[in-house]
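This report refers to the structure that appears directly beneath it.
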Amino acid sequence: MHQDIKEILISEEEIEKKCEELGSIINDHYKDAKDPIIFVALLKGSVPFLARLIKYIDLDIEYDFMDVSSYAGTETTRDIRILKDLDRSIKDTNILLVEDIVDTGHTIKAIIKLLENKGAKDVKIVSLLDKPSRREVDVYADFIGFEIPNEFVIGFGLDFNEKYRHLPYVGILKDEIYQ
Ligand code: IMP
């Protein structure tokens with residue numbers, strides 16, 4: 001275990017098993033889909049999850065990446081700025097947005113709107129982690145790996161100041177690392 005970690009919340013084995021389960025649910029969900037299925041992963045946190053999840057996907061899919069930064073819009077909304085956009089048109093496609101964690105919900109809310117404005121036929125969300133106690137807007141992921149308590153977590157794509165993304169598990173940092 002990394003020396004800055006207080007506790008492993010979700011082990012590598014648990015993540016692998018969950019990706020297999022989610023893969024099977026997603027295969028079933030899209031089995032009769034006629035239009036293209038595109039997995040859209042958000043950089044950088046979703047990369048390990050996307051890589052693990054697609055091992056268990058039996059469908060014909062494409063995947064692409066978006067990078068966004070969010071900033072305060074009005075009091076209740078946050079706007080996003082696109083740092084890297086999708087490479088292809090998504091008109092009349094089924095989009096599965098692949099997220100590492102849904103926290104306040106502002107990011108996925110803004111991205112769903114953006115993908116719908118680009119002409120996606122359907123937008124669904126798969127998130128490895130969900131922190132429902134932190135939600136500020138009424139959005140939810142369609143497929144969720146793990147519900148977690150209100151703790152700042154790192155590893156398996158999630159960072160603190162860009163560190164710890166490479167760890168193969170999800171853990172809680174020691175308090176002194178924040179100070
Ligand atoms: P939201 O817009 O508040 O739902 O934030 C989603 C984004 O915030 C995620 O994609 C992460 O990049 C980041 N985030 C939220 N909670 C955590 C955490 O516990 N650890 C690391 N990053 C987090």
Side-chain angles (χ1 to χ4, degrees), residues 1-12 14-15 18-19 22 26 38-54 63-86 95-118 123-179:
M1 182 163 93
H2 192 287
Q3 74 233 15
D4 296 351
I5 304 289
K6 178 162 72 178
E7 181 193 332
I8 294 181
L9 201 61
I10 308 167
S11 70
E12 195 174 353
E14 287 171 308
I15 293 173
K18 188 60 78 176
C19 287
L22 286 171
I26 291 166
I38 307 176
F39 286 21
V40 172
L42 294 183
L43 294 171
K44 305 169 192 166
S46 306
V47 170
F49 180 39
L50 174 75
R52 206 61 65 90
L53 181 67
I54 55 176
Y63 64 75
D64 202 349
F65 299 94
M66 276 185 89
D67 194 4
V68 300
S69 68
S70 76
Y71 58 97
T74 66
E75 237 172 62
T76 50
T77 66
R78 258 195 271 158
D79 289 321
I80 50 171
R81 193 158 54 93
I82 301 176
L83 304 176
K84 188 228 167 281
D85 208 343
L86 298 171
I95 298 288
L96 182 66
L97 186 64
V98 180
E99 250 294 40
D100 49 4
I101 187 165
V102 184
D103 188 36
T104 63
H106 287 290
T107 307
I108 59 165
K109 187 173 182 197
I111 292 184
I112 294 167
K113 199 167 106 198
L114 193 132
L115 296 170
E116 285 174 350
N117 287 343
K118 280 174 174 283
V123 181
K124 295 271 183 292
I125 295 141
V126 59
S127 184
L128 178 69
L129 306 175
D130 187 20
K131 258 195 241 176
S133 59
R134 292 256 309 160
R135 201 73 90 250
E136 290 175 9
V137 288
D138 189 22
V139 286
Y140 59 91
D142 301 273
F143 312 107
I144 293 165
F146 302 93
E147 250 187 39
I148 62 165
N150 185 11
E151 295 269 14
F152 189 82
V153 291
I154 48 82
F156 206 71
L158 292 151
D159 74 305
F160 176 61
N161 291 341
E162 293 300 323
K163 287 182 73 181
Y164 313 109
R165 291 191 196 275
H166 67 292
L167 298 176
Y169 48 79
V170 173
I172 302 175
L173 273 186
K174 286 182 181 160
D175 296 335
E176 61 259 37
I177 307 296
Y178 296 98
Q179 288 144 18

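Atoms within a ligand are numbered from 1 in the order they appear, just like the ligands themselves.
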[atom]: which protein heavy atom is closest, and how many Å away?
| atom | value |
| --- | --- |
| atom 1 (P) of ligand 1 | Thr104 OG1, 3.3 Å |
| atom 22 (N) of ligand 1 | Leu158 CD2, 3.6 Å |
| atom 10 (O) of ligand 1 | Asp100 OD1, 2.9 Å |
| atom 13 (C) of ligand 1 | Ile101 CG2, 4.2 Å |

Handout entry: N or O contact, Ile154 vs ligand 1, cut-off under 3.5 Å
Key = no
Handout entry: Any N/O pair Val153/ligand 1 closer than 3.5 Å
Key =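 It does: an N or O of Val153 is found under 3.5 Å from an N or O of ligand 1.
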For ligand 1, which atoms, with element, lie under 4.0 Å from some heavy atom of [X]?
| X | result |
| --- | --- |
| Glu151 | 19 (O) |
| Glu99 | 10 (O) |
| Asp159 | 21 (C) |

For [X] versus [Y], what's the shortest heavy-atom pair and its separation?
| X | Y | result |
| --- | --- | --- |
| Ala141 | Val102 | CB-CG2, 4.5 Å |
| Leu43 | Val47 | CD2-CG2, 3.8 Å |
| Phe49 | Leu128 | CE2-N, 3.4 Å |
| Asp64 | Lys84 | OD1-NZ, 3.8 Å |
| Arg52 | Glu12 | NH1-CG, 4.3 Å |
| Glu14 | Phe146 | O-CZ, 3.6 Å |

Handout entry: Pairing of Asp100 and Arg165 as salt bridge, 4.0 angstrom limit
Key =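 Judged by the 4.0 Å cut-off on N to carboxylate O distance, Asp100 and Arg165 do not form a salt bridge.
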Problem - Electrostatic pair Lys109-Asp138, nearest N-O below 4.0 angstrom - result: no
Closer than 4.0 angstrom: is that true for some heavy atom of [X] and an atom of ligand 1?
| X | value |
| --- | --- |
| Lys131 | yes |
| Arg134 | no |
| Gly105 | yes |

Problem - Shortest reach to atom 6 (C) of ligand 1 by a heavy atom, considering only Thr107, Leu42, Ile111, Leu173 - result: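 It is Thr107 that holds the nearest heavy atom.
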Exercise for the section: Look at the side chain of Ser46 and the backbone N and O of Ala41, then say whether any donor-acceptor pair between them is shorter than 3.5 Å. Expected result: no
